[in-house]
Number of protein chains: 2
Amino acid sequence: MMEYYQNQDKLLVAVDSIIFGFDEGQHELKLLILKRRFEPAKGGWSLMGGFVNKNESVDDAAKRIVFQLTGLQDVYMEQLFTFGDVTRDPGGRIVSVAYYSLIKINDYDRELVKEHGASWIPVSELPDLIFDHSVMVEKAIRKLRIRARTQPIGFELLPEKFTIPQLQGLYEAIYQVPFDKRNFRRKILSMGLLEKLDEKEKESSRKGAFYYRFNKRKYKELLKRGFNFEL
Amino acid sequence: MMEYYQNQDKLLVAVDSIIFGFDEGQHELKLLILKRRFEPAKGGWSLMGGFVNKNESVDDAAKRIVFQLTGLQDVYMEQLFTFGDVTRDPGGRIVSVAYYSLIKINDYDRELVKEHGASWIPVSELPDLIFDHSVMVEKAIRKLRIRARTQPIGFELLPEKFTIPQLQGLYEAIYQVPFDKRNFRRKILSMGLLEKLDEKEKESSRKGAFYYRFNKRKYKELLKRGFNFEL
DNA sequence: CCAAAAGTGTTCATCGTACACCCATGT
DNA sequence: ACATGGGTGTACGATGAACACTTTTGG
């Protein structure tokens with residue numbers, strides 16, 4: 001590639017990843033954070049991060065970081081914000097592009113997570129994080145809430161087949177408030193985006209709850225016609 | 001500053017600025033763009049941009065860019081998105097953080113704008129822009145619309161005193177749809193954020209329209225009590 | 001037969017939307 | 001007196017919120 005733009009400062013560009021997971025059993029939204037193994041701030045709780053390489057897009061770097069920690073590819077991931085204060089990292093001048101991603105909490109590679117010294121922590125019990133990472137997390141939660149109301153991204157945190165009560169539990173975990181189950185069911189079904197299956201989930205109740213499946217095709221169709229999802 | 005993090009790639013980091021202005025007379029939202037004076041893509045229509053210096057925050061760089069072109073400080077400005085594809089700029093590997101800002105279209109420094117070869121173009125008549133700048137602009141318009149409905153940022157594009165019809169014209173320019181004036185007036189006044197003044201604006205009609213002023217103090221108070229603005 | 005979660009309808013208040021006429025004034 | 005934009009009220013339908021009982025079935 002030709003190089004124009006001489007004599008300009010070059011900076012370290014990093015990616016930090018806010019990885020949300022949902023724990024069906026415990027009705028909680030969790031975050032994957034790790035103990036830092038190097039200076040500065042060695043031993044502090046931190047988000048998973050890494051530097052963007054010269055021949056790699058920032059998006060790809062973010063995917064790589066999540067893959068390194070969880071072994072997962074094709075995860076829902078969205079750019080959050082870029083943090084560019086001069087002194088945000090005492091180890092050097094680093095511009096950090098933060099991403100958040102959603103993973104099904106039972107899918108990840110436990111070995112990789114253990115190797116990196118990472119743990120799942122409920123978002124309501126997070127310790128202080130290094131540098132500006134706590135700010136990143138707060139911002140991510142706010143954005144996640146808006147997105148979950150506005151687009152059906154919450155579904156990414158559940159298995160392909162899920163029950164209405166599970167879905168409701170997920171939304172309650174994201175918003176930290178209880179919903180009325182009649183209203184919730186009516187609203188979500190009235191959009192016509194869920195297919196009822198014949199099968200029942202029988203773990204969590206005697207009666208059993210019917211499984212549903214999200215109809216992605218139909219969702220895309222409706223989008224084209226100006227539909228907008230709103231919980 | 002100690003330098004940890006050796007042997008990592010450093011990249012050029014740029015800021016690109018999407019500068020919106022509102023033309024009261026013409027009921028149009030305009031964008032400030034310029035003809036590029038250097039390679040690559042010399043002569044193409046471009047956003048105002050520049051590189052982030054080592055000892056300058058990314059936010060400060062964005063403010064600097066807007067100041068260089070318009071002579072304005074303390075402008076409403078918000079980070080839009082970071083564009084990080086490897087080949088987005090054929091002149092080199094550049095990560096660009098895009099910002100958008102709103103200015104009162106009669107405030108800017110005409111000399112500076114002329115020096116830079118910049119022009120105000122209605123958003124509905126934009127030419128093709130270089131690189132990924134058109135994508136940036138589309139994204140900015142989408143975000144501006146959401147923000148304007150959700151936060152009273154539109155007010156930044158009007159003088160301190162404005163009339164209800166002016167405000168409505170602004171929103172119509174942002175959304176490119178007409179609103180019912182009775183409903184608009186009712187809704188905006190029902191929030192209790194506008195103070196009616198005794199003075200009338202007499203340019204645009206025989207009868208004259210009362211001036212109003214946005215009450216920032218009251219807005220912040222309401223925000224604390226969980227109020228949320230929604231047009 | 002009982003505990004535990006799934007599932008189901010109705011009422012009411014609120015809000016958004018559609019809609020048409022009078023007012024004030026400068027020329 | 002008339003043209004121009006400013007200003008006002010009401011009726012109707014849609015939507016969101018509150019609320020309690022029946023069903024199923026494993027133990």
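Just so you know, these numbers come straight off a predicted model, no measurement behind them. Letters go in sequence order (proteins before strands), and every chain restarts at 1.
Per the geometry, CD belonging to B:Glu201 stands 10 Å off P belonging to D:dG7, to the nearest Å. Taking atom OH of B:Tyr212 as the reference point, atom P of D:dG6 lies 12 Å away to the nearest angstrom. Separating the OH atom of A:Tyr211 from the P atom of C:dA6 is a distance of 12 Å, rounded to the nearest angstrom. In this structure, the CZ atom of A:Arg206 is 9 Å from the C1' atom of C:dC2, given to the nearest Å. Nucleotide D:dT24 holds its P atom 8 Å from the NZ atom of A:Lys200, rounded to whole Å.
Heavy-atom neighbours of B:Glu230 CD from other residues, nucleotides or ligands within 6.0 Å: above the threshold of 12. The local environment of CD in A:Glu203 is sparse, with at most 12 non-hydrogen atoms from other residues, nucleotides or ligands closer than 6.0 Å. Counting non-hydrogen atoms of neighbouring residues, nucleotides and ligands closer than 6.0 angstrom, the NZ atom of A:Lys143 exceeds 12 such neighbours. The number of heavy-atom neighbours closer than 6.0 Å to NZ of A:Lys200, taken from other residues, nucleotides and ligands shown, is above 12.
Remark: nothing in residues 142-151 of chain A comes within less than 4.0 Å of DNA chain C through any heavy atom. Near-neighbour residues of DNA chain C inside residues 160-191 of chain A, defined by a heavy atom below 4.0 Å, number-ordered: A:Pro165, A:Lys181, A:Arg182, A:Arg185, A:Arg186.
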Notebook entry, point to check: Do A:Phe227 and A:Leu193 pass the side chain to side chain contact (heavy atoms under 4.5 Å, CB included) test, and can you show the C-alpha distance, the side-chain angles, and the key distance before you say yes or no?
Noted result: CA-CA 12 Å; A:Phe227 165 83; A:Leu193 292 170; 4.2 Å; yes
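Because its NZ or CZ atom is both nearer than 6.0 Å to the ring centre of B:Tyr108 and within 45° of the ring axis, B:Arg110 counts as a cation-pi partner of that residue.
Note on the helix from C:dC1-D:dG27 to C:dT27-D:dA1: angle between the axes of the first and last five pairs equals 10°, rounded to 10 degrees.
Listed pair A:Lys202 / D:dT25 fails the phosphate criterion, with no side-chain N or O lying under 4.0 Å from OP1 or OP2.
Screening B:Arg225, B:Lys224, B:Lys218 for a salt bridge (charged side-chain N to carboxylate O under 4.0 Å, His left out) involving B:Glu221 leaves a single residue, B:Arg225. Residue B:Phe162 is tested with B:Phe210, B:Phe155, B:Tyr212 for a ring pair (Phe, Tyr, Trp, His ring centres under 6.0 Å); the sole match is B:Phe155.
Below the 3.5 angstrom threshold, one finds no donor paired with an acceptor across the side chain of B:Lys207 and the base of C:dA24.
Checked by atom type and distance alone, the side chain of B:Lys35 never pairs as donor or acceptor with a backbone atom of B:Ala118 at under 3.5 Å.
Here the side chains of B:Tyr99 and B:Leu80 are not in contact, with every heavy-atom distance at 4.5 Å or above.
Two rings, from B:Phe81 and B:Phe83, have their centers less than 6.0 Å apart.
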